[in-house]
Novice: 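After the structure tokens below, expect a handful of questions from me.
Because only heavy atoms are used, hydrogens play no part in the values below, and waters and symmetry mates are left out as well, while side chains stay in.
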Amino acid sequence: MGVDRELAVSVALRLLDEHGLEKLTLRRIAAELNVQAPALYWHFANKRALLDYLTDAMLAGELARLGEPRGVWWEWLESAAHALRRALLAHQDGARVASGADLNRAASLGLLLNSCIEVLHGAGFDYPSAGRGASALLWFVIGRTVEEQSPPSDEDVRELVEAQRLPALVQAIREGYGKAGSAEETFAYSLGIMLTGLRTLQDG
């Protein structure tokens, strides 16, 4: 009996949330579906293909709620970045899953990138610049969220502080950078830097 891809992706997403990316394998998904692993190769030639479809499943709902571009261009990009981050954080290792996704299979991510390019082009950027700007924005969100989902342990931070090899970083930590509960604020601050840069390029 054939395996439904949507069902397989749903099972894979549940296993991802339960066990994390390192333990997510086609063999494990097949066992959950009570089929042999080769039955999944019709839909997923390899693990990367599986991760691409997982990326699409993770993002589709949140990005659908984002809606079509509207209003002030940089405010929409800000909303889009926050929506992408929320969708990635909703699943264990979500950002790592999305890293390097093929946009043909990770269709929701491709549509988001396309919308960001359209927004920047509408704001006056030529298409090459709009493409670079939109790609940089999404790379930032995914990369930053990877770091957020893989934070250093308290022991690692304590060792860094006690070693005193990086005094400026240690002082930033002591004064509040990286404190528990500040992830949203830190993300918003860094995103603001990127959007300010895009606005400056537009004005130039």
Side-chain angles (χ1 to χ4, degrees), residues 11-29 32 46-59 61-63 74 77-103 106 108-109 112-113 116 132-200:
V11 168
L13 196 56
R14 174 174 59 79
L15 292 175
L16 174 72
D17 287 334
E18 291 175 357
H19 304 289
L21 181 57
E22 296 303 325
K23 295 182 179 180
L24 180 67
T25 64
L26 290 172
R27 185 179 300 276
R28 193 165 198 164
I29 297 166
E32 288 286 321
N46 49 46
K47 189 172 181 179
R48 179 65 260 173
L50 169 65
L51 297 185
D52 293 338
Y53 287 114
L54 273 178
T55 298
D56 189 52
M58 289 190 302
L59 303 187
E62 189 70 50
L63 298 185
W74 64 83
L77 290 177
E78 181 179 36
S79 296
H82 280 285
L84 176 57
R85 174 177 174 269
R86 281 194 303 272
L88 296 173
L89 287 176
H91 300 280
Q92 185 175 175
D93 298 324
R96 288 177 60 203
V97 170
S99 296
D102 181 326
L103 300 184
S108 296
L109 185 59
L112 177 61
L113 177 59
C116 290
R132 287 192 293 267
S135 296
L137 182 63
L138 297 197
W139 291 337
F140 159 71
V141 176
I142 294 172
R144 176 68 184 84
T145 310
V146 167
E147 295 297 319
E148 192 172 338
Q149 291 186 311
S150 307
S153 67
D154 291 342
E155 182 179 345
D156 289 339
V157 174
R158 184 165 55 252
E159 181 180 337
L160 175 65
V161 170
E162 291 173 353
Q164 289 293 325
R165 289 192 298 270
L166 306 171
L169 175 57
V170 167
Q171 191 61 31
I173 291 172
R174 284 176 171 162
E175 292 187 16
Y177 170 76
K179 282 187 177 178
S182 68
E184 179 76 29
E185 184 177 289
T186 300
F187 175 79
Y189 181 83
S190 301
L191 176 61
I193 292 173
M194 290 207 68
L195 294 175
T196 298
L198 288 170
R199 292 173 67 182
T200 300

Novice: Tell me which pairs pass ring-ring contact (aromatic ring centres under 6.0 Å, His included) where either residue lies in residues 79-100, with sequence neighbours left out.
Specialist: H82-F187

Novice: What is the distance from atom CG of L137 to atom CH2 of W74, rounded to the nearest 0.5 Å?
Specialist: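 Taking CG in L137 and CH2 in W74, the distance rounds to 15.0 Å.
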
Novice: How about CD on E155, more than 12 heavy atoms from neighbouring residues, nucleotides or ligands closer than 6.0 Å, or not?
Specialist: no

Novice: Decide yes or no for I29 and L24: does some side-chain heavy atom of the first lie under 4.5 Å from some side-chain heavy atom of the second?
Specialist: yes

Novice: Could you walk me through whether L59 and L112 satisfy the side-chain contact (heavy atoms from CB on, under 4.5 Å) test, starting with their C-alpha distance in whole Å, then the side-chain angles of each, then the deciding distance to 0.1 Å, before giving a yes or no?
Specialist: CA-CA 10 Å; L59 303 187; L112 177 61; 5.9 Å; no

Novice: For the atom pair CG (L88) and CD (Q149), what is the distance rounded to the nearest 0.5 Å?
Specialist: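 Going from the CG atom of L88 to the CD atom of Q149 covers 7.0 Å.
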
Novice: For residues V146 and R96, report the shortest heavy-atom separation together with the two atoms involved.
Specialist: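 Residues V146 and R96, closest heavy atoms: CG2-N, 3.9 Å.
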
Novice: Of all residues at least two apart in sequence or in a different chain, which pass the side chain to side chain contact (heavy atoms under 4.5 Å, CB included) check with E162?
Specialist: R158

Novice: Taking all atoms of both residues into account, what is the closest heavy-atom pair of A98 and T55, and its distance?
Specialist: CA-OG1, 3.4 Å

Novice: Looking at CG of D56 and CG of L103, how far apart are the two atoms once the value is rounded to the nearest 0.5 Å?
Specialist: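 Between atom CG of D56 and atom CG of L103 there are 10.5 Å.
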
Novice: Can you name the closest pair of heavy atoms from G20 and D93 and give their distance?
Specialist: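 The pair with the smallest heavy-atom distance is CA-OD2, 3.4 Å.
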
Novice: Considering the options E147, E78, E184, which one meets the salt bridge (Lys or Arg N to Asp or Glu O under 4.0 Å) requirement together with R85?
Specialist: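 Of the listed options, the one satisfying the test is E184.
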
Novice: With a 4.5 Å heavy-atom cut-off, do L26 and N46 have their side chains touching?
Specialist: no

Novice: For D52 and A101, which heavy atoms make the closest approach, and how far apart are they?
Specialist: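 For D52 versus A101, the nearest heavy atoms are OD1-CA, 3.3 Å.
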
Novice: Please enumerate all residues that pass side chain to side chain contact (heavy atoms under 4.5 Å, CB included) together with S135, with sequence neighbours excluded.
Specialist: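 S135: side chain to side chain contact (heavy atoms under 4.5 Å, CB included) contacts with L113, W139.
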
Novice: According to side chain to side chain contact (heavy atoms under 4.5 Å, CB included), who are the partners of R28, at least two apart in sequence or on a separate chain?
Specialist: L15, H19, K23, T25

Novice: For I142 and T145, what are the C-alpha separation, side-chain angles and deciding distance, and is it a side-chain contact (heavy atoms from CB on, under 4.5 Å)?
Specialist: CA-CA 5 Å; I142 294 172; T145 310; 5.9 Å; no

Novice: What closest approach, in Å, do C116 and L138 show between heavy atoms, and which atom pair accounts for it?
Specialist: SG-CD2, 4.4 Å

Novice: Which atom pair, heavy atoms only, marks the closest approach of A183 to E148?
Specialist: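 Taking every non-hydrogen atom into account, CB-OE2, 3.4 Å.
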
Novice: For L21 and L16, run side-chain contact (heavy atoms from CB on, under 4.5 Å): C-alpha distance rounded to whole Å, both residues' side-chain angles, the deciding distance at 0.1 Å, then the answer.
Specialist: CA-CA 6 Å; L21 181 57; L16 174 72; 4.1 Å; yes

Novice: How far does CG of L84 sit from CD of E62, to the nearest 0.5 angstrom?
Specialist: 9.5 Å

Novice: State which residues pass side-chain hydrogen bond (donor to acceptor under 3.5 Å, both in side chains) with S150; sequence neighbours excluded, sorted by chain then number.
Specialist: none

Novice: To the closest 0.5 Å, what do you measure between OG1 (T186) and CG (L191)?
Specialist: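 Going from OG1 on T186 over to CG on L191, the span is 12.5 Å.
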
Novice: Taking side chain to side chain contact (heavy atoms under 4.5 Å, CB included) as the definition, give me every residue that meets it alongside Q92, ordered by chain and number, with sequence neighbours left out.
Specialist: D17

